[in-house]
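To start, the structure under review is shown below, and the notes come after it.
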Amino acid sequence: MRELTYLEAIREAMQQKMREDSSVYLIGEDIAEYGGAFGVTVGMLEEFGKERIINTPISEEAIIGVATGSAITGMRPIAEIMFSDFITIAMDQIANQAAKIRYMFGGKAKVPLVIRTAGGGGTGAAAQHSQSLEALVAHIPGLKVVMPSCPYDAKGLLISSINDDNPVIFIEHKLLYNNKKCIQNVPRQMYEVPLGKGDVKREGSDISVAATSYMVQKSLEAAEKLSQEKGIECEVIDIRTLRPLDIDIILDSIKKTGRLLCVEEAPIFGGFMGEVSAQVSEKGFDWLDAPVVRVAGRNCPVPYSLVLEQEMIPGVSRIEKGILNLLG
Amino acid sequence: MRELTYLEAIREAMQQKMREDSSVYLIGEDIAEYGGAFGVTVGMLEEFGKERIINTPISEEAIIGVATGSAITGMRPIAEIMFSDFITIAMDQIANQAAKIRYMFGGKAKVPLVIRTAGGGGTGAAAQHSQSLEALVAHIPGLKVVMPSCPYDAKGLLISSINDDNPVIFIEHKLLYNNKKCIQNVPRQMYEVPLGKGDVKREGSDISVAATSYMVQKSLEAAEKLSQEKGIECEVIDIRTLRPLDIDIILDSIKKTGRLLCVEEAPIFGGFMGEVSAQVSEKGFDWLDAPVVRVAGRNCPVPYSLVLEQEMIPGVSRIEKGILNLLG
Amino acid sequence: MGNDLKAEKPYITIDGYRVEDKFSGLDDSIKIEMLRKMYQIRHFENETEQFIIRGMIHGTCHLYTGEEATAVGAIYAINDDDYITSTHRGHGHCIAKGADLNIMMAELLGKRTGYCKGKGGSMHIADVDSGNLGANGVVGGSIGIATGAALTCKMKRNGKIVVCFFGDGAANQGIFHGSINMASIWDLPIIYLCENNVYGMSTPVKEAFNIEKISDRKYAYGIEGLTIDGNNLVEVFNTVSHFNGECRVGRGPVLIESLTYRWRGHSKSDAQVYRTREETKQWVGKDPIERYKKILIDQKILIEKEDRDLEKEVISQIKEAAKFARESPFPEPSEVEDDVYA
Amino acid sequence: MGNDLKAEKPYITIDGYRVEDKFSGLDDSIKIEMLRKMYQIRHFENETEQFIIRGMIHGTCHLYTGEEATAVGAIYAINDDDYITSTHRGHGHCIAKGADLNIMMAELLGKRTGYCKGKGGSMHIADVDSGNLGANGVVGGSIGIATGAALTCKMKRNGKIVVCFFGDGAANQGIFHGSINMASIWDLPIIYLCENNVYGMSTPVKEAFNIEKISDRKYAYGIEGLTIDGNNLVEVFNTVSHFNGECRVGRGPVLIESLTYRWRGHSKSDAQVYRTREETKQWVGKDPIERYKKILIDQKILIEKEDRDLEKEVISQIKEAAKFARESPFPEPSEVEDDVYA
Ligand SMILES: Cc1ncc(C[n+]2csc(CCOP(=O)(O)OP(=O)(O)O)c2C)c(N)n1
Ligand SMILES: Cc1ncc(C[n+]2csc(CCOP(=O)(O)OP(=O)(O)O)c2C)c(N)n1
Ligand SMILES: [Mg+2]
Ligand SMILES: [Mg+2]
């Protein structure tokens with residue numbers, strides 16, 4: 001096994017699937033010579049050629065429309081939307097077409113489409129390049145929504161997503177791509193991490209913390225600190241796939257801990273963790289010793305200035321505080 | 001006072017504001033001669049002329065872009081998106097432009113824009129003409145989201161929305177427009193129903209029911225039945241404005257009842273009521289005698305066939321059952 | 001065919017394009033089959049209208065009456081296994097592509113035996129196996145999908161092409177722009193067939209466009225394009241046949257504007273205040289079925305009596321379909337969450 | 001001016017359009033001011049580049065270096081109180097429109113004294129009061145907004161016009177299509193100014209378009225349009241002056257394609273593998289500032305010495321701005337939720 005970054009793991013998943021299956025191809029902006037805005041597809045043009053690494057004009061709506069049309073006729077496209085903020089431009093094609101085609105046709109079509117996109121803030125890219133818009137897609141029946149938090153999962157989840165016959169929104173985090181802190185051993189061969197299964201990233205008995213994407217890493221940091229400094233043992237659950245949601249892994253955890261903190265980067269109001277909180281409160285009412293609490297982004301767009309951005313997006317200390325408050 | 005339908009109340013709000021303020025204008029598809037797909041703007045072309053009742057080509061994205069640009073330069077547009085499903089086509093302009101301009105500009109612009117749109121199912125219009133997509137916009141900081149459930153509120157809330165200096169998504173319900181069951185006395189003069197205030201539509205002490213839009217009417221029906229048949233007294237709260245959300249009115253109610261059922265038409269997973277449930281569970285933990293429960297649409301697109309559509313969308317009996325389960 | 005025969009082929013000129021008159025070389029049986037299809041569409045829509053009037057359709061329908069020549073002429077000009085995408089006004093395309101009338105009608109009535117098991121209804125009838133990639137409730141919504149299907153054809157080198165039907169109204173959607181541009185830069189095998197029926201709902205084409213011909217949008221993408229008489233089946237057939245050949249060998253997309261007219265209101269509730277009865281009457285005078293029938297009769301391919309029999313046959317077939325639909329069972333409520341995911 | 005003077009006005013022909021040479025009639029002081037603006041942009045971007053290299057910019061910047069003639073020529077051709085909308089590559093438009101350099105630079109450093117109080121950064125600088133309706137991080141995102149501002153001008157009959165700047169890349173977005181069509185059917189007073197700088201990020205225009213001239217998209221909307229040398233300030237000024245007059249009196253929108261080149265990488269992290277050094281060098285040889293300076297010197301409006309002084313003055317002004325920015329305070333974390341709602 002080799003150590004790979006998140007970015008390398010994602011690239012490897014695509015390369016391996018493309019070698020295996022000639023119907024898999026990439027489509028998106030600046031993914032060819034440039035290798036993608038974040039470098040994820042670097043080298044893929046050289047290996048797979050222009051026919052399968054399709055560089056497009058700047059037309060997000062058409063990218064998803066075209067990918068969808070090719071998916072229902074036998075291809076398995078991986079479409080890249082450079083920043084997740086721009087899924088809004090393609091939202092009709094995502095939510096009204098790709099997501100619904102199978103259902104509207106009475107089950108007589110499949111849409112094996114993966115939409116890869118880079119979400120999250122922390123890069124100073126401001127309000128239109130930093131959003132965490134997963135709640136918008138997770139609400140749409142027909143879509144699956146995946147947010148890997150580490151290289152191992154990224155590779156396995158992406159392979160599962162490509163193998164899946166449904167449209168999958170695969171949201172990567174910009175701050176994970178080259179994050180040296182979370183390089184991992186990643187098997188060379190292909191493997192699947194199943195969609196619809198969460199993962200306990202750290203065991204603990206005092207409190208459960210459920211998080212998504214980069215916030216899993218932040219939560220793990222907070223958990224380590226609290227363990228070392230105060231002997232508090234947090235169980236950190238990586239939700240991994242928002243839809244289908246593995247609610248059982250969270251319920252199992254709170255049976256043990258009685259407390260749940262939900263952590264996400266998106267603005268708290270109307271965010272995805274509302275769903276998690278609602279389900280846990282309903283199904284786990286008897287096991288909860290305290291209300292489910294959310295730590296999430298502030299209710300504003302992502303600001304540009306570093307001081308403001310750090311205030312908007314939850315950091316380790318905010319998560320720590322959330323845990324302590326919930327325990328105390 | 002005269003009895004008005006929901007549709008008439010909405011039209012009157014627009015007419016009165018347009019008579020008073022020459023910067024208010026309408027823009028949308030088929031709103032002129034045709035009077036709008038649902039007839040809301042019938043007669044307005046005759047009164048206000050082509051200059052202020054602007055009929056557009058079918059270009060939802062441009063409609064919202066144009067309305068936004070005119071709003072920041074001194075007009076007060078009311079843009080109509082014929083079916084709320086098509087806000088997805090304009091989603092970049094709504095969520096990345098209109099919602100964020102003020103913040104990105106450091107508070108140096110205002111965006112007095114109202115986007116009126118018809119949401120909801122029950123008309124056999126199937127998956128692409130029946131959605132309740134309020135969760136997608138309610139999550140976006142910078143937007144306000146309003147869903148009136150009756151003629152009186154519709155007029156007052158629309159006037160408040162037009163007077164508001166922020167982008168407001170005003171979601172009407174197709175089954176309310178000409179609904180003879182909920183005709184109301186509506187004052188002739190202009191009045192505001194404030195944004196950010198919920199409304200207790202029926203007092204009761206046994207259980208609280210919080211609902212939006214047409215589901216308020218359904219909940220009231222269920223409440224009446226339960227009162228007559230079983231002597232159960234439900235307090236029915238109309239959320240009215242999803243953002244800003246009046247959480248206090250719900251908390252005040254559960255202090256009395258100890259129980260909350262949330263009712264919405266959208267598919268339950270990731271819907272707006274997750275936010276309500278999460279907030280109430282967190283802030284009202286000590287007052288709750290039972291978990292907050294949601295009755296909502298099934299996790300599928302809205303189907304065409306009447307039998308399926310009635311199964312997908314919550315009806316009176318599903319709400320009744322929800323109430324009884326939560327009580328029992 | 002040998003080169004020596006070339007000179008004998010009849011050519012005609014349509015909006016500046018020199019096009020082979022492939023129609024004249026068709027078997028009589030095919031020419032009559034096209035008439036049959038037009039009748040099927042006409043009477044299917046008449047029956048649907050009756051269902052609407054009788055309140056048996058939950059939801060709305062957009063009738064194709066009066067536009068039959070475009071769907072039939074275009075679809076008969078391509079191969080059976082080629083793809084099409086359709087619109088909210090899709091019954092005509094669907095029938096021309098060979099859909100089973102019983103199964104279609106069942107779908108309109110929301111029955112489990114319908115094409116979409118009652119889940120889609122009029123606006124979502126599809127039959128992916130037969131190459132019909134579906135009607136679409138979103139104006140313009142299928143233009144990207146069609147373009148993607150054409151990309152599949154190119155990537156798989158399967159020799160197929162796509163005909164993408166859409167209305168004049170759809171030509172102002174963003175997806176029209178981004179998709180056709182992609183098809184052009186990638187030389188995709190696709191025919192964009194814009195059915196200009198004078199109105200997008202209530203909005204006249206002349207108010208929504210500041211150009212004489214929608215097909216002139218070809219200049220924005222560097223593709224071929226032309227405007228044809230959409231009520232003349234022979235012209236539609238010959239034009240699409242020509243570009244069918246061009247597209248299939250990689251000579252890129254084309255934008256065909258087919259001028260026609262919708263006879264009925266836009267949907268079930270349309271007072272039609274935006275147009276005059278005279279205008280409608282004038283267009284009814286250009287009935288594509290009457291015009292085509294006359295050609296067949298003039299050319300002695302058909303005699304009046306055969307025509308009457310044909311129409312009668314179609315009518316009884318439609319009655320049969322209506323009966324099948326009425327007698328079919330509704331889906332079970334418990335099926336509502338099926339078919340969301342594969 | 002009397003009619004008798006008309007014949008004496010100098011006319012030139014630009015891409016087939018007969019246009020008055022308004023430039024030649026300008027005051028020398030204005031001609032020199034335009035040079036100053038170009039220097040300001042050039043040195044502002046150089047300073048910004050230094051900030052980027054030194055890691056003082058949180059986020060990215062898209063430099064306008066090499067494209068100065070387009071922003072300055074266009075904006076000096078309209079009135080002070082006219083509107084513009086800008087792009088992610090917006091510093092040039094902003095400076096040309098008269099923005100305060102200190103306040104701009106403070107914004108880039110995320111300071112509270114910046115145009116957006118540090119909330120927007122490079123991609124969102126706006127100054128609505130001065131008619132700058134903002135940069136935009138979404139490619140094409142401002143085209144609708146600009147069109148809406150033009151609608152305001154028409155409805156309020158305020159005599160203003162709008163110049164909407166956008167890149168070649170933006171011309172393939174859906175919003176381009178829907179917006180320009182609306183402007184055309186409603187005769188809105190707006191100049192769509194497409195800055196064709198050969199690439200959209202890494203994608204060459206020739207790969208993203210199958211047409212020779214982006215301005216040929218005028219045929220899709222029935223508007224005027226032409227392609228000009230965007231590195232020639234005089235040509236930009238004269239063209240925009242001409243259509244400024246046309247648009248202001250209601251003779252509809254126009255699409256101007258301004259050919260130019262970005263000297264720097266697309267953004268802070270761009271290895272520029274998609275283009276050759278030779279190509280860049282060639283374009284640097286067409287430096288819009290050098291070319292304009294030469295005109296002024298040839299016409300004896302300026303002498304070398306004055307030019308050097310002017311540039312020096314600008315450089316020290318920029319250093320001043322950098323100092324102001326560096327010394328300005330950051331916003332307080334507690335301000336983060338301010339300015340979301342009015
Ligand atoms: C995106 C979208 N906007 C609006 C509508 C409502 N609508 C349905 S059909 C129609 C008119 C379409 O006109 P056209 O494309 O010319 O097709 P036609 O109905 O004339 O066949 C409209 C506005 C819709 N279905 N989708
Ligand atoms: C909708 C959208 N898609 C992609 C991007 C990423 N992006 C930023 S600038 C750019 C290229 C823009 O090209 P062009 O419009 O020609 O402007 P230029 O950078 O050449 O000035 C891209 C792809 C974006 N910001 N917005
Ligand atoms: Mg039409
Ligand atoms: Mg460019």
Side-chain angles (χ1 to χ4, degrees), chain A residues 60-61 85-97 99-100 103-104 126-128 131 133 135-142 242-243 245 262 266-286 288 290-294 297-301 303-304, chain B residues 60-61 85-97 99-100 103-104 126-128 131 133 135-142 242-243 245 262 266-286 288 290-294 297-301 303-304:
Chain A
E60 284 80 7
E61 191 184 12
D85 311 71
F86 310 141
I87 63 169
T88 53
I89 301 177
M91 204 63 187
D92 169 58
Q93 294 297 316
I94 296 172
N96 289 336
Q97 311 295 343
K100 294 184 171 58
Y103 189 82
M104 294 187 304
Q128 294 172 334
Q131 288 169 92
L133 293 177
L136 272 63
V137 278
H139 180 46
I140 305 293
L242 283 69
R243 185 168 194 145
L245 174 67
C262 298
I268 191 165
F269 190 87
F272 181 74
M273 288 303 179
E275 177 64 28
V276 174
S277 168
Q279 283 200 33
V280 170
S281 296
E282 184 171 344
K283 296 173 183 162
F285 194 72
D286 295 335
L288 284 173
V292 177
V293 171
R294 294 174 291 166
R298 303 246 181 253
N299 286 320
C300 58
Y304 170 69
Chain B
E60 284 79 5
E61 192 184 11
D85 312 72
F86 309 142
I87 63 170
T88 54
I89 301 177
M91 204 64 187
D92 168 59
Q93 294 297 316
I94 295 172
N96 290 335
Q97 311 295 342
K100 294 184 171 56
Y103 189 80
M104 294 187 303
Q128 295 174 332
Q131 288 170 91
L133 292 177
L136 273 62
V137 277
H139 180 44
I140 305 292
L242 284 69
R243 185 168 194 145
L245 174 66
C262 298
I268 191 166
F269 190 86
F272 181 76
M273 287 304 179
E275 177 64 28
V276 174
S277 167
Q279 284 201 32
V280 170
S281 296
E282 186 172 344
K283 297 173 183 162
F285 195 71
D286 294 335
L288 283 173
V292 177
V293 170
R294 295 175 291 166
R298 302 249 181 251
N299 286 319
C300 59
Y304 169 70

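Worth knowing before you read on, the calculation uses all heavy atoms, side chains too, and leaves out hydrogens, waters and symmetry mates. Order of the sequence lines fixes the chain letters, A, B, ..., with proteins taken first and strands second; residue numbering starts at 1 for each chain.
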By a 4.5 Å heavy-atom criterion (distance strictly below it), what part of B/Ala127 contacts chain A: side chain, backbone, both, or neither?
both
Partner residues of A/Tyr103 under the ring-ring contact (aromatic ring centres under 6.0 Å, His included) criterion, sequence neighbours left out:
none
Check whether any side-chain heavy atom of A/Val276 sits under 4.5 Å from a side-chain heavy atom of A/Leu242, and report yes or no.
no
State, with a plain yes or no, whether a side-chain heavy atom of A/Gln131 is found less than 4.5 Å away from one of B/Asn96.
yes
If you count heavy-atom pairs within less than 4.5 Å of chain A, which of B/Thr88, B/Leu133, B/Leu288 leads?
B/Thr88
Would you say that B/Val292 contacts A/Ser281 through its side chain, given a criterion of any heavy-atom pair below 4.5 Å between the two side chains?
no
Distance col, row B/Lys100:NZ vs A/Asp85:CG, nearest 0.5 angstrom, shows 7.5 Å
Okay, B/Ile87 and chain A: the region with an atom under 4.5 Å from a heavy atom over there is neither
Which answer fits B/Ile94, side chain, backbone, both or neither, if we ask what part of it has an atom under 4.5 Å from a heavy atom of chain A?
neither
Proximity breakdown for A/Glu60 and chain B, heavy-atom pairs closer than 4.5 Å:
neither
B/Val293 versus chain A, heavy atoms under 4.5 Å apart: side chain, backbone, both or neither?
both
Partners of A/Phe272 by ring-ring contact (aromatic ring centres under 6.0 Å, His included), sequence neighbours excluded?
B/Phe269
If you tally heavy-atom pairs under 4.5 Å between each of A/Ala95, A/Ala99, A/Pro303 and chain B, the highest tally belongs to A/Pro303
Contact class of B/Gln93 relative to chain A, heavy atoms under 4.5 angstrom:
neither
